[in-house]
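First up is the structure itself, then whatever we jot down about it.
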Amino acid sequence: MNSSNNNYNNNIQDQDDDIEIEIPIDEIIIEEVDDDQLLDGESEIEIRTQPIDNNNNNSNNNNNGNNKIGDIYVSNPNTPRNNISLNKSIPISIGVGDTNQGNSNSNSSESIEDDGANEKVKKSKKDKKDGEKETENQDIVPFLALFKFADTTDKILMFFGALAAVINGAAMPTVSIVFGLVVDAFKPTKFNEDPDYDVYGTVRSISFYLLMLGGGVFVLSYLETTLWMISGERQSNKVRRQYLESTLRQEIGWFDTNKANELSSRINSDTVLYEEAIGEKVGRFIHFVATFIAGFVIGFTKGWQLTLVITSVSPLLAIGGFFTARMMTQMTKLGQDAYSRAGGVAEENISAIRTVATFSGENLAIDKYSENLKEARSVGYKRAFYNGLGIGFGQLVILGTYALAFWYGSTLISKKVINSVGGNPWTGGDVVAVFFSVIIGATSIGQASPCLAIFAQGRGAAFKIFQVIDRKSAANPFSTEGIKPEVLSGEIEFKNVGFHYPARPNNPIFKNFNLKIKPGQTIGLVGDSGGGKSTIISLLERFYDPSEGEILLDGEDIRNFNVKGLREKIGLVNQEPVLFATTISENIRYGKEGATQDEIEEAAKLANAHSFITQLPHGYNTLVGEKGVQMSGGQRQRIAIARAIIKNPNILLLDEATSALDDINERVVQEAIDMLMRGRTCIVIAHRLSTIRNADVIIYIRGGQVVETGSHDELMASQGLYYNLVEKQTQQQMYNLLDMNRSRRASTFSDVNPLLDSFHVSKRSIRKREPESSKKQKEEEEKKKKKKSEDIPMSRVINYNKGEYGLWFFGFLSAVGTGAVYPGFTMVFTEMLTIFQNPDPNYLTEHANFVALMFVALAVGAGISNFFQGFLFSVIGEKLTYRLRKDCFSSIMKQDIGWFDLQENSCGKLTSHLASDAALVQGMTSQRLGIVLQNLLTMLGGLAIAFYSGWQLTLVIIACFPLVIITSKIQMQILAGFSKNDGCGPAGQVASEAISGIRTVASFTTEKQVVELYKKQLKGPSREGIKKAHISGFAYGFTQLILFCTYCLSFWYGGKLVGSGVFHATSTEISNNCNDQTIPQLWNDYDVCVSAINTIYGFNAMTRVFFAIVMSAIGIGQASSFAPDLAKAKVAAISVFKLIDTLSKIDPSSEEGERINIVVGDMEFKNLHFAYPSRPDNNVFRGFSLAIPSGTTNAFVGDSGGGKSTILSLLLRFYNPAVGEIFIDGHNIRNLNVKHLRSLFGLVGQEPTLFSGTIADNIRYGKLDATQEEIEEAARLANAHTFITQFKDGYSTQLGDKYTQLSGGQKQRIAIARAIIRNPKILLLDEATSALDEDNSKLVQDALNNVMKGRTTLVIAHRLSTIQNADCIAYVRAGQIIEKGTHEELVENDGAYAQLSSRQLNH
């Protein structure tokens, strides 16, 4: 809704401006309207509309020629207007009388549009359905559009891959011709023509055709698979790069309405679906289509009559396939959306894991994640039903076709119908050739159907991806258009600027805002939190564009500048600095691409960062951790300042740049910033007025308007708002001065701990060297554990579905039924072939009818079993995916914070694993496992039939099987090896970090650097993907070659066995068929009859063995075709179960541990030694000890990075100390239940983390069962109630992604309210008021003082005014307390604290 909604509300209140239009009821179509709400017994309704100013006729009049007559509402004429629900759209349709009315700016859902033809719009149910259909079609992309990123190389690869697929696909139906020749070679009537007819010689000649065909298929299969896989890998990588690049080029306003966590989740999950849809599956699909076409071409050329009969049932297959594909597409899209939302929840909570842990929000996060997964699971069930229905129906039609074909074929033979192709009567060979060619062609459609489902998924995924890629950015940093200034003088002017955030169109920030800044001026911005100060900086950076007015830079509209060129000339240091998970050096280099190490160090020195960086074990090569978590707040800020300094900008924007620094560092950094500001236009936002006292102009902003402007002296003389603000801060400073002048007392503290040299070597005593033998033994144990873990996933996956034993049982029965179809087919089919060889037409007709009925029964059974197999195993797969994802996320939420500090457990990598691994493990169940089980049973059934029918031929053919099995095994092992070195995790992390920190990326114009880094991270997986393509293609081709060789060997050796009499008829069969009735009628003499009958029954045994083996081989071939999926599934399973099995050192979900019944609040730290897990060689504490009495306020001051925040982290058990203990009320916190322990604390951090959702939800996060009254009371105590109620939706206001709709002060106050509502026993405040202006800081500090009464409180502060009343103040330096006492005692002691206090008073 835009600003027109305000007009709309005003129109409702102002009745005098309305006009009334009465329209007969029969000209109005009303749908889905609640009678009680709208038509309460009345036959007429009243349409009221706000007249439109004709002066606006041309404004925004580009809506496809549709004219609007204004905002409308519908009501009962007798109903008071203020009773109407304005938030509910009422679907209506009315005639528009005046087409000359201008186009309203309203986007209200109640607007009325003219269709431009009949000047009337009627929204009927048909229109609604058409609209839904159109929306559905718009949510997928055309298939060919998937390949729009293919370059010339890709097109060449796809062309030759497609050509190979076409020829390879046509090869299979060609086998039917060869088999027809084989059948005719065993034709018994040939003995009437030639008593010495040599069956073996004829078959031997024909069998060599198969050998040549197999060689060609080997080469073609290799090319088909390899070329398409390489092409898919190349294109998907391009799309990933394009998607990231397109995401990074969007204006910041777009991110306010599109969640960054969902965007980064999509790059990991949807691109996988896209790659599947453009890779080898396309080659397989073309292969199957070519098989279909070639099969029918051969069929029509060999016998059009039979082909036509078989083809008559094709429409049934087409209808079933179309319906299935349509439903699968719809279900896939719904499932993707749900999974995408779940991924967003995961990233949000993992990235804010410290806040989640503090407030014990793990279960809430898991529940929220699970709810989205449940929705996707429900959609999956529907998809499983339609998929099973489609497969079952297809099998029913195909096998039903067999019955029809053989029945009709037997009729053609028995009636001696002339085959028009050869001019001879139909033979068994003709029927078999036509039947096999057409059936192979028809079956290929069924084999192609899974590809259609994959294409549907890929098209749905591509829609979301391409939507981002194709979107035109309002401020594109990659664009080369616009003015590229070499230098900017820095003259800035805001002229009549109007602006609202995209996510809150009804809450304007600026209205007719005007401001002029001269070149080289330093401008200080002060005022209330949320007044618009930070918005000025955002508009200057072109994070947003004003909705009205213009911003001039050096006299030129800012929108005319090249975006990158503009931002390169502007340096920004934010209130909350964002660092990336790389080294300190690389983070600083983000400010200047190609900066030398000397330049980096010089910038760090200016930012007072060089000293602490060089003290780190790896110096400038130290990894800062994800989002800089390995650095303290002050260290992060100094690195960010160094990043801005190295940029050397013309315009400097400082948004509370020194708020996170202690006084010493603030003074030094402020001096560096003062030097940097010389000769530059600078805009400084500050709550500490001392930092802007010397600004050329100070501007007081309130409610989006400049209310005061002037220098410090001028504003003080005017005694306005700024004067009042200064007075408040001065009074506070005077209060501090009076405190210092109180009676000075000698320090009574003798427990100052100096930094002793012995502490530097203490790590040797903590981490003793292990003997070499012990290390080797541990390595061996680790290898064994790893090997063991890699051996168990398949069994664990099945056990993971133990709750579905009923589904497994019936799924297994269905797979048994489906697996029995092909052995049953072998028996029935070979019986039919034998019948075709019998020259007696009566015998042929009688037995053929019976066998046809057998085929019908087989068809029904196959349809039912295939449906249940597809449906049940898919349901099992959906349940498995749900459980695995939920348990993986639950395991992640259970881990200790130190686990997240490790590079391999970054947010990007973890969300990437969640998105893909669980779905890949489904490859072990779902339809794939059903198909593998089905094929296993097919193979066993086939082998049983083969051994029974002719063990000699069976053993010879089985000798070839090890080659097939070994090939498949090697393929899986090699592919699994490549899958292990996937390497997509680092690329996913790069994308996730860049999208999450988009403002920093945009400000420092590092979009190209990010994209280049992402490309670099993709190179490894791309190389492995190409290797995998070659191996997969070779293995697939070799498997096919072995099958053709098996066919050749089968016919050759089978012909030899029949010809030599090994396969022969029994004496009973000979006596029944060679008698006085048959010899004169069918055979020349008795010897001919014996030879013929032996040939018939020998042919029956040979074909039964052959088809039993062929069906088994097909089973193995199909199973091996899933090798890439199973290989990935196995590796993913190892990864998933490794994550699930990871034991947390500090498990917040554990119910074990003590609970303190009555909490007093006494705390004691005893001899703590601690180093962060990611920096084990850099000890933070070495023998740290401190006792804190209950009910006291204890403050910690000192250098940034000295260990102050670490004290809080250890108290909350984010980490465990290596040595030493922490006690609360005499209880060792290691023995306490973790959740209970954390419930004792209320934490307000230095950089507050909020979650997407409403403001009320974020405050309720501190107490899940809080009432609305409790929420509002907490907000009042935190001085947040006033600004919250000013929002249109109040406490129901939705916070945008990364809560960018709120100012820093507003975010901090909501975080304080969240801590207050918890009513904690112990309060932890880590710079809780640093982001607030002076007014709010004092009010919130007063509120905190009230909350602190009677509670044990730990405060970390750089502003000493906030802690001077503390019962004990401890000065922490390098992990040691160098002095402690009250404010008066420490000032009197004249140590480090006194010096710090003196500097602040004089500052």
Side-chain angles (χ1 to χ4, degrees), residues 166-187 202-203 205-214 216-217 220 287-311 313-314 398-399 401-406 408-410 412-413 419 421-422 424 426-447 822 825-826 828-830 832-834 836-837 855 1040 1043-1048 1050-1052 1054-1055 1099 1102-1104 1106-1111 1113-1114 1117:
V166 168
I167 301 173
N168 195 19
M172 278 307 294
T174 308
V175 175
S176 65
I177 299 176
V178 178
F179 188 62
L181 295 174
V182 171
V183 171
D184 282 343
F186 287 93
K187 191 175 180 181
T202 306
V203 173
S205 302
I206 296 170
S207 63
F208 282 110
Y209 295 150
L210 289 168
L211 195 60
M212 291 185 287
L213 202 58
V217 167
L220 294 168
H287 173 113
F288 293 133
V289 170
T291 301
F292 170 76
I293 295 172
F296 279 87
V297 167
I298 292 171
F300 276 108
T301 54
K302 290 289 290 182
W304 64 267
Q305 300 101 319
L306 182 57
T307 304
L308 208 56
V309 169
I310 298 173
T311 308
V313 297
S314 297
I398 289 172
L399 289 172
T401 305
Y402 293 178
L404 179 63
F406 284 125
Y408 185 65
S410 65
L412 292 174
I413 297 171
N419 189 338
V421 176
N424 298 314
W426 276 82
T427 65
D430 293 335
V431 173
V432 168
V434 172
F435 168 78
F436 261 106
S437 62
V438 175
I439 292 305
I440 287 173
T443 305
S444 66
I445 295 298
Q447 293 173 304
Y822 283 114
F825 171 79
T826 300
V828 177
F829 179 64
T830 52
M832 182 64 81
L833 291 182
T834 306
F836 284 164
Q837 299 289 38
F855 266 119
Q1040 296 301 306
L1043 291 177
F1044 273 89
C1045 290
T1046 303
Y1047 297 162
C1048 174
S1050 299
F1051 290 136
W1052 172 78
F1099 172 75
M1102 186 199 79
T1103 52
R1104 192 172 290 179
F1106 171 74
F1107 279 104
I1109 297 294
V1110 165
M1111 293 302 110
I1114 289 174

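In what follows, every heavy atom counts, from backbone to side chain, and hydrogens, waters and symmetry copies are set aside.
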Identify the heavy atoms of A405 and F435 that sit nearest to each other, and give their distance.
CB-CD1, 3.8 Å
Residues which pass ring-ring contact (aromatic ring centres under 6.0 Å, His included) with F296, listed by chain and number, not counting sequence neighbours
F292
Taken in chain and number order and not counting sequence neighbours, the residues that satisfy side-chain contact (heavy atoms from CB on, under 4.5 Å) with V217 are N168, A171, S221, Q1040, F1044
F1106 and S1050: which non-hydrogen atoms are nearest, and at how many Å?
CD1-CB, 3.4 Å
What heavy-atom pair brings Y209 and V178 nearest, and what distance separates the two atoms?
CB-CG2, 4.3 Å
Run the side-chain contact (heavy atoms from CB on, under 4.5 Å) test on V183 and F1099 for me, step by step, so that the C-alpha distance in whole Å, both residues' side-chain angles and the decisive distance to 0.1 Å come before the verdict.
CA-CA 8 Å; V183 171; F1099 172 75; 4.0 Å; yes
So which heavy atom on V438 is nearest to which on G299, and how close?
CG2-CA, 3.9 Å
Rounded to the nearest 0.5 Å, how far apart are CZ of F186 and OG1 of T1103?
8.5 Å
If the condition is side-chain contact (heavy atoms from CB on, under 4.5 Å), which residues does V166 pass it with, not counting sequence neighbours?
I286, A290
Less than 4.5 Å apart, any side-chain heavy atom of I206 and any of F1051?
no
Listed once per pair and sorted, the side chain to side chain donor-acceptor pair (under 3.5 Å) pairs that draw on residues 428-441, sequence neighbours left out:
T427-D430
If every non-hydrogen atom of I167 is compared with every non-hydrogen atom of L220, which pair is closest and at what distance?
CG2-CD1, 3.4 Å
To the nearest 0.5 Å, atom CD1 of I293 lies from atom CD1 of I298 at 12.0 Å
Give the C-alpha distance, both sets of side-chain angles, the deciding distance and a yes or no for side-chain contact (heavy atoms from CB on, under 4.5 Å) between L213 and Y1047.
CA-CA 11 Å; L213 202 58; Y1047 297 162; over 6 Å; no
State, to 0.1 Å, how close G180 and A433 come at their nearest heavy-atom pair, and which atoms those are.
CA-CB, 4.2 Å
List the residues meeting ring-ring contact (aromatic ring centres under 6.0 Å, His included) with F436, not counting sequence neighbours, and say none if there are none.
F179, F829, F1107
How would you list all residue pairs meeting side chain to side chain donor-acceptor pair (under 3.5 Å) that involve residues 290-306, not counting sequence neighbours?
W304-S420
Distance from L308 atom CG to Y408 atom OH, nearest 0.5 Å?
8.5 Å
Run W426 and V434 through side-chain contact (heavy atoms from CB on, under 4.5 Å) and show every step you take.
CA-CA 11 Å; W426 276 82; V434 172; 4.2 Å; yes
